[in-house]
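Scope of the values below: all heavy atoms of this structure, side chains included, with no hydrogens, waters or symmetry mates. If you're wondering where the values come from, they're calculated on a predicted model, not measured in any experiment.
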Amino acid sequence: MTATVPPVPPSSSDGRIADPSGRIELAPGSLPDDPRFVNDDLLPVPLERRRWTTYNFAALWIGMAHNIPSWLLASGLVALGMDWKQAVLTIALANVIVLAPMLLTGHAGPKYGIPFPVLARASFGLRGANLPAMIRAGVACAWFGIQTWIGGVGVFTLLGKMFGGWARAGEIGGQPWTLWLCFVLFWVLELAIIHRGMDTLRRFENWAAPFVIVGAVVLLVWVAVKAGGFGPLLDQPSALGWGADFWPVFFPSLMGMIAFWSTLSLNIPDFTRFGAGQRAQVRGQSLGLPTTMTFFALLSVLVTSGSQAVYGEAIWDPVQLVARTDNVFGLLFGLITVLVATISVNLAANVVSPAYDLANLAPKLINFRTGALITGVVGVLIMPWKLTETPELYIFTWLGLVGGLLGTVAGILIADYWIIRRTVLDLPDLYRRGGRYWYTGGWNWRAVAAFGAGGVLAVGGSHSAPGKGPFPDGGLIPFLRPLADYGWAVGLASSLVLYVLLSRNARREPASGPAGH
């Protein structure tokens, strides 16, 4: 059927050993030492350090999902004309869909203990893996900047409420210098935490997750008490209905909501590599992602509805809502919640991946901590405040474009790992020049071709309404314009099918040594 890699027996003779659960690690003496492809952060996690449980993974997702941009997703959809039921349904469906590639790519983590850029070497080649890794790293850097800016604005707003003069400071670059100070301090705090490594991150997520849930529920109770019930927002009809006006907004919005976590659908092995087994990562992610995002969207709608009843206007931004109170304790609690929520998602979702990706680019020069610092610097340089100015720019342009490209990479990873290789990898060769994943000069042209074709199909038709974005109204490639609203799905499906078709004609790989694909 396909060029399938023959199963490798779980013995130390081929450089790998397996425990009874099927988890595999490098055997003693088989450690590759080529500094161009190996450093301590890229090597498989030893079996004794793979101890993340179902709770750890669920807490990771709860900590990542409970943040201000997640809260604002529902408001962005309502601003586009949906009612609250349509908005929550769109978000819930998107997260059920994106869970599937999340679990498929996450499988390699507990089994082999490898991060995303090393997994990508199996399909793209030892050097070619830098292509998807740098795309993922660039997206993560942008997200890191967005989250850090939003967190800094939240801190600035609440401190301004507590200390009135704080918000009226002199301006630099069109913003109060105190806002820039909050942004920088927030940035430094994040990098200080991640500098301590993944175990510190795991412990932080374990207590951050329940804390943020409590904070969100407290906000709901506070608004409900002040409102004496929820306001008219829940009765507000959809401006789109359920007919012809709804679907042209629904599908690109669905792709945008999928794209919100499509980043993690690629680099989830960066976390699952620490898993105690497949059951832990499957249960933890299934419990943590779709349920949390749906609950948070519903919570956003309910709190906003209550704010309309209390203040006569819908306040979608939780920071702005908390700032309406004059209670010092409430402001302080809100400030701490904003800090914990934003740091929780930003470190896990937007620093871990590019740190590994950059280490993969130059293992001899860049380790995990150096990669994290580079991520922080690039996240500032991209001027993240520009990406969230309007719902159209944020959901359709930014999330839509990102989703299309990342969906294309996900399709290739899933096709290679599940269809071509049947989850069997030669672990030492993932680090060895001249091994079976060396292909031609370290590049697998089949993966590059599938990525190029899938990427063009996914984002080639990108378009913007006049004055609403950077693309022409007719699309970059006009005849592909109808596909642009389904970018993530088009990218994933087309690259998966094309990669499998190209690989069917490849010669069968031998059990060891250099090979084609």
Without swapping roles, check the side chain of [X] against the backbone of [Y] for a donor-acceptor pair under 3.5 Å.
X	Y	result
Thr342	Gly151	no
Gln278	His107	yes
Ser265	Pro101	no
Asp245	Gly241	no
Asp429	Arg432	no
Ser70	Ala65	yes
Lys111	Val424	no
Gln147	Phe144	no
Arg433	Arg36	no
Arg50	Gly275	no

Which atom names give the shortest non-hydrogen contact between [X] and [Y], and what distance separates them?
X	Y	answer
Ala450	Thr408	O-CG2, 4.1 Å
Gly411	Ser495	CA-OG, 3.5 Å
Tyr431	Leu126	C-CD2, 3.9 Å
Thr375	Ala355	OG1-N, 4.1 Å
Ala453	Leu498	CB-CD2, 3.5 Å
Asp357	Met134	O-CE, 3.3 Å

Taking it one step at a time, do Arg421 and Ser123 satisfy side-chain contact (heavy atoms from CB on, under 4.5 Å)?
-> CA-CA 10 Å; Arg421 304 186 185 280; Ser123 51; over 6 Å; no

Can you check whether [X] reaches [Y] side chain to side chain, under 4.5 Å on heavy atoms?
X	Y	answer
Phe37	Leu42	no
Trp488	Leu254	no
Asp83	Leu240	no
Leu103	Gln281	yes
Leu26	Pro428	yes
Tyr499	Ile419	no
Val38	Leu43	yes
Leu77	Gln86	no

Test side-chain contact (heavy atoms from CB on, under 4.5 Å) applied to Arg369 and Asp41, step by step = CA-CA 10 Å; Arg369 290 176 172 84; Asp41 296 311; 5.8 Å; no

How far does [atom1] of [X] sit from [atom2] of [Y], to the nearest 0.5 angstrom?
X	Y	atom1	atom2	value
Phe183	Ile150	CZ	CD1	11.0 Å
Glu190	Asn346	CD	CG	4.5 Å
Leu492	Ile414	CG	CD1	5.0 Å
Ile343	Leu191	CD1	CG	10.5 Å
Leu119	Leu266	CG	CG	10.0 Å
Met102	Thr272	CE	OG1	11.0 Å

Could you tell me which residues satisfy side-chain hydrogen bond (donor to acceptor under 3.5 Å, both in side chains) with Asn267, sequence neighbours excluded, listed by chain and number?
->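 Scan of Asn267 (side-chain hydrogen bond (donor to acceptor under 3.5 Å, both in side chains), adjacent residues dropped) gives Arg136, Asp270.
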
Asn367: what forms a side-chain hydrogen bond (donor to acceptor under 3.5 Å, both in side chains) with it, not counting sequence neighbours?
-> Thr370

According to the ring-ring contact (aromatic ring centres under 6.0 Å, His included) rule, which pairs have a member within residues 116-140, sequence neighbours left out?
->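 Every pair satisfying ring-ring contact (aromatic ring centres under 6.0 Å, His included) with a residue in residues 116-140: there are none.
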
side-chain contact (heavy atoms from CB on, under 4.5 Å) assessment of Tyr437 paired with Asn444 | CA-CA 8 Å; Tyr437 309 118; Asn444 181 10; over 6 Å; no

Going through the checks in order, is the side-chain contact (heavy atoms from CB on, under 4.5 Å) test met by Ser286 and Leu99?
-> CA-CA 7 Å; Ser286 300; Leu99 178 65; 3.9 Å; yes

Ring centres under 6.0 angstrom apart (Tyr439, Trp445) | no

Under 6.0 Å between ring centres, would you say that holds for Trp149 and Trp187?
->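 Distance test on ring centres: not under 6.0 Å, no.
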
Any salt bridge (charged side-chain N to carboxylate O under 4.0 Å, His left out) pairs touching residues 474-483, not counting sequence neighbours?
->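 Listed by first then second residue: Asp473-Arg481.
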
Under the ring-ring contact (aromatic ring centres under 6.0 Å, His included) rule, collect the residues that match up with Phe246, sequence neighbours excluded.
->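 Only Trp242, Phe250 meet the ring-ring contact (aromatic ring centres under 6.0 Å, His included) criterion with Phe246.
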
Please list, one pair per line, the donor and acceptor atoms closer than 3.5 Å that link side chains of residues 287-298 to other protein atoms, with sequence neighbours excluded.
from	atom 1	to	atom 2	distance (Å)
Thr291	OG1	Leu287	O	2.3
Thr292	OG1	Gly288	O	2.5
Thr294	OG1	Pro290	O	2.8

Are Arg273 and Tyr356 in a cation-pi setup, meaning NZ or CZ lies under 6.0 angstrom from the ring centre and within 45 degrees of the ring axis?
->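 The answer is yes; both the distance and angle limits are met.
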
Parallel, tilted or perpendicular: which describes the rings of Phe57 and Trp52, with under 30° parallel and over 60° perpendicular?
-> tilted

Side-chain H-bond candidate by donor/acceptor type, Asn56 with Arg51, under 3.5 Å = no

